[in-house]
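Right, one structure below, let's go through it.
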Amino acid sequence: RIYCKNKLKGENNTEKIVTRGKQYKRWLKTLNPSLPPPQTQQSRKRGVFLGAEMLVLFETPAGFALFKVLDEGKLNKVEDLSKEFLAADSARKVVSLQAFSKFENTAEALEAVTKLLESTPSKGLRKFLRAHCDGETLGVADSKLGNAIKEKLKIDCVHNNAVMELLRGVRTQLTELISGLGAQDLAPMSLGLSHSLSRYKLKFSADKVDTMIVQAIGLLDDLDKELNTYAMRVREWYGWHFPELTKIVQDNILYAKAVKLMGDRANAAKLDFSEILPEEVETEVKEAAVISMGTEINDLDLINIKELCDQVLNLSEYRAQLYDYLKSRMNTVAPNLTALVGELVGARLIAHGGSLLNLAKQPGSTVQILGAEKALFRALKTKHSTPKYGLIYHASLVGQAAPKHKGKISRSLAAKAALAIRCDALGDDQDNSMGLENRAKLEARLRTLEGKELGRSAGSAKGKPKIEVYFKDRKKGAGLITPAKTYNPAADSLIGQLTNSAALDEQDTVPKKKKKVEAEPSPAEVAMEVPASEEKKEKKKKKKKADQEASLPTNENEPVSEEPAAPKEKEKKKKKKCQAEDDDENVEVGEKKKKKRKHAEQEEEPEVQTKKEKKKKKKSED
């Protein structure tokens with residue numbers, strides 16, 4: 001700064017050096033020729049590099065190459081840079097090879113390329129740059145890689161359009177710029193390194209090719225659709241000639257075989273269908289062919305129908321072979337998942353997830369509803385209950401469960417299936433021991449839910465205590481301490497209680513206030529009192545007759561005028577008692593007490609009192 005100020009005071013200096021913020025000072029060679037002019041921010045963006053040399057890092061399958069930029073002025077014109085690399089001679093005027101680091105083996109090359117994909121320099125690249133890049137600016141094809149080199153090696157790196165265009169030109173003339181590297185050697189090296197990188201990234205294993213499973217299950221579903229379509233076409237086409245055969249032979253493959261063998265229905269009686277159809281079905285087909293209502297067809301139509309039958313049979317044979325192939329691949333790639341849910345369901349889960357590794361990343365709840373995404377989002381949108389199962393519904397364990405237990409079993413099966421998938425995808429074992437063990441647990445769980453083992457709880461060996469109703473007369477063993485009690489209908493009657501209350505009211509001199517009556521008896525209680533009241537009426541009549549005979553000698557001393565009044569009063573008492581007994585079901589207890597009080601006031605004679613006392617004694621004895 002002092003040097004600049006002194007020079008600025010001079011008369012001969014016409015230029016001024018302006019410093020603004022973080023911009024670099026622009027030095028003139030006339031001021032200090034010994035110092036190289038520093039770069040400005042604008043020159044960095046434009047691709048202009050003043051003073052310092054520029055190197056370009058280029059990666060090849062054989063190793064790393066450092067090219068030195070000879071003419072940096074041409075980097076200012078990015079549009080015209082590609083023209084410089086049309087010929088090898090003009091390209092050598094722009095860049096020249098400064099250093100080359102060769103890979104020793106495929107493992108080193110794979111490690112270096114893998115690090116470059118992660119935007120980090122490898123150990124060999126760091127040594128190479130420390131040895132050959134000291135104080136120069138480095139042009140790189142990846143900005144993240146340039147930041148990593150700058151942090152670790154303290155080397156200024158540049159990534160812009162000029163550098164990218166320069167690297168494109170170097171790639172076109174690579175064999176000419178690097179001596180000893182021919183096109184015939186570069187192509188095999190590129191192919192081998194690309195295969196090694198693909199195997200490393202995909203974790204390639206010949207025994208775990210889940211892509212084959214995805215393609216096989218897709219083809220199997222397509223074959224089922226085509227086979228069903230062709231079989232229906234055979235039935236519809238041949239049904240015009242022999243419509244009765246459609247109901248007799250239900251299986252599509254057997255139908256196609258029968259049509260191919262028979263041809264015209266008139267030949268059915270002469271042919272032997274024992275190799276195709278059972279004996280009962282064969283006789284039925286022959287009988288139906290004689291009385292068939294179908295139309296006649298010519299030989300050309302039969303030829304086309306038979307060719308269609310051949311297509312159906314060929315597709316069915318190929319489907320059987322494809323299923324065997326899928327079964328073997330599933331037992332190899334995912335043995336534990338196959339043991340739990342079967343080959344077809346397991347293959348559909350892998351195909352729906354994309355791969356076995358992607359499926360291993362999913363939780364059990366996702367595996368449970370995998371394949372029911374449409375129903376799930378519709379339920380979330382309409383705020384209804386979400387689905388309980390998807391593709392896993394077709395597993396044998398879920399099919400064995402009752403409808404009310406399907407949700408629980410599918411949840412348990414999905415949790416075990418998620419563990420089995422992770423074991424198959426990331427584990428080293430190739431057996432299905434874990435899948436078989438989990439399947440046994442799920443079957444025990446299913447039996448427990450269905451009530452086949454009521455004494456055992458799911459997941460434990462201890463039995464649940466059986467809850468019994470408490471009964472105090474029952475011993476710990478068998479039998480009762482006391483005999484069972486029988487129902488006593490006489491206890492339901494209220495007649496004795498009413499007579500006692502009437503006698504107590506006569507003794508009381510001070511009248512008491514009426515108490516509120518409780519709720520009326522229920523209809524069940526009334527029905528129980530009906531037969532008991534009829535029996536009591538008959539007993540009362542017998543007792544009254546006996547009391548009248550006992551009371552005759554006591555009535556001899558009384559005047560004659562009062563004797564005829566006694567039977568009248570008795571008749572009134574009988575009527576009132578009958579009315580009271582009939583009204584017991586509907587009349588409240590308080591109203592009954594009133595009637596009894598009035599009835600007690602009318603009974604002033606000692607004869608009636610003696611009768612009542614005798615009745616009370618008898619009832620108390622009963």
Side-chain angles (χ1 to χ4, degrees), residues 213 217-218 220-221 224-225 227-228 232 250-252 319 323 326-327 330 334-353 359-360 362-424 432 434-469:
I213 293 174
I217 190 64
L220 193 68
D221 292 337
D224 288 335
K225 292 179 183 178
L227 192 60
N228 191 28
M232 291 299 105
Q250 299 293 332
D251 187 67
N252 292 330
R319 188 201 178 278
Y323 177 73
L326 179 64
K327 188 175 180 180
M330 281 297 296
N336 293 298
L337 181 62
T338 305
L340 273 176
V341 298
E343 297 85 7
L344 293 177
V345 179
R348 287 192 175 93
L349 286 173
I350 294 173
H352 200 82
L359 195 63
Q362 304 296 335
S365 57
T366 304
V367 175
Q368 181 181 354
I369 60 171
L370 206 64
E373 290 85 2
K374 188 176 180 181
L376 174 65
F377 292 118
R378 183 174 63 246
L380 293 175
K381 186 177 180 180
T382 57
K383 295 182 180 179
H384 287 81
S385 58
T386 55
K388 296 180 181 178
Y389 27 69
L391 292 171
I392 208 169
Y393 178 80
H394 301 286
S396 59
L397 284 171
V398 180
Q400 293 172 9
K404 61 180 179 180
H405 298 317
K406 286 185 185 294
K408 294 181 180 179
I409 289 298
S410 63
R411 184 172 63 251
S412 302
L413 180 60
K416 298 297 183 184
L419 295 176
I421 292 165
R422 291 165 193 166
C423 182
D424 292 333
N432 58 353
M434 189 187 110
L436 294 175
E437 182 181 355
N438 288 332
R439 185 179 178 87
K441 290 181 181 179
L442 289 171
E443 289 175 351
R445 165 79 168 160
L446 179 59
R447 287 195 299 270
T448 304
L449 288 175
E450 290 178 351
K452 293 183 179 179
E453 294 181 4
L454 293 176
R456 291 181 176 272
S457 61
S460 65
K462 295 182 180 179
K464 289 184 178 179
K466 190 176 180 181
I467 300 173
E468 295 181 355
V469 181

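These values consider heavy atoms only, across backbone and side chains, with no hydrogens, waters or symmetry-generated copies. No experiment lies behind these values; they were computed from the predicted model shown.
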Can you see which heavy atom on [X] is nearest to which on [Y], and at what distance?
| X | Y | value |
| --- | --- | --- |
| I217 | R348 | CG1-CG, 3.8 Å |
| A401 | K406 | O-NZ, 3.3 Å |
| G364 | A414 | O-CB, 3.4 Å |
| P335 | D424 | CD-OD1, 3.4 Å |
| A339 | G435 | CB-C, 4.0 Å |
| A347 | L326 | CB-CD1, 4.1 Å |

Find the distance between [atom1] ([X]) and [atom2] ([Y]) and round it off to the nearest 0.5 Å.
| X | Y | atom1 | atom2 | value |
| --- | --- | --- | --- | --- |
| L337 | I350 | CG | CD1 | 5.5 Å |
| L446 | E450 | CG | CD | 4.0 Å |
| K416 | I421 | NZ | CD1 | 13.5 Å |

Ignoring hydrogens and angles, write down the donor-acceptor pairs under 3.5 Å from the side chains of residues 390-400, residues two or more places apart or on other chains.
from : atom 1 : to   : atom 2 : distance (Å)
S396 : OG     : R439 : NH2    : 3.0

Give a yes or no on whether the backbone of [Y] and the side-chain of [X] come within a donor-acceptor separation of less than 3.5 Å.
| X | Y | result |
| --- | --- | --- |
| T338 | E343 | no |
| N228 | D224 | no |
| H405 | L449 | yes |
| S410 | G407 | yes |
| R447 | L442 | no |

Would you say N336 and N432 are linked by a side-chain donor-acceptor pair, where the criterion is simply a distance under 3.5 Å?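 N432 vs N336: no donor-acceptor pair found between side chains.
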Matching residue for K441 among R445, E437, E443 - test: side chain to side chain contact (heavy atoms under 4.5 Å, CB included):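 That would be E437.
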With a 3.5 Å cut-off and sequence neighbours excluded, list the donor-acceptor pairs that the side chains of residues 366-375 form with protein atoms.
from : atom 1 : to   : atom 2 : distance (Å)
Q368 : NE2    : K388 : O      : 2.6
E373 : OE1    : H352 : NE2    : 3.4
E373 : OE1    : G371 : N      : 3.3
E373 : OE2    : H352 : NE2    : 3.0
E373 : OE2    : G371 : N      : 3.2

How would you list, by chain and number, every residue that makes a side-chain hydrogen bond (donor to acceptor under 3.5 Å, both in side chains) with R378, sequence neighbours excluded?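 With sequence neighbours excluded, R378 shows a side-chain hydrogen bond (donor to acceptor under 3.5 Å, both in side chains) to no residue whatsoever.
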Below 4.5 Å, heavy atoms only, C-beta onward: do N252 and L227 meet side chain to side chain?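 No, side chains not in contact.
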Validation row: L376, L380 side chains within 4.5 angstrom (heavy atoms):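 A side-chain contact under 4.5 Å exists here.
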Would Y323 and L344 satisfy side chain to side chain contact (heavy atoms under 4.5 Å, CB included), going step by step from the backbone distance to the final call? CA-CA 9 Å; Y323 177 73; L344 293 177; 3.9 Å; yes
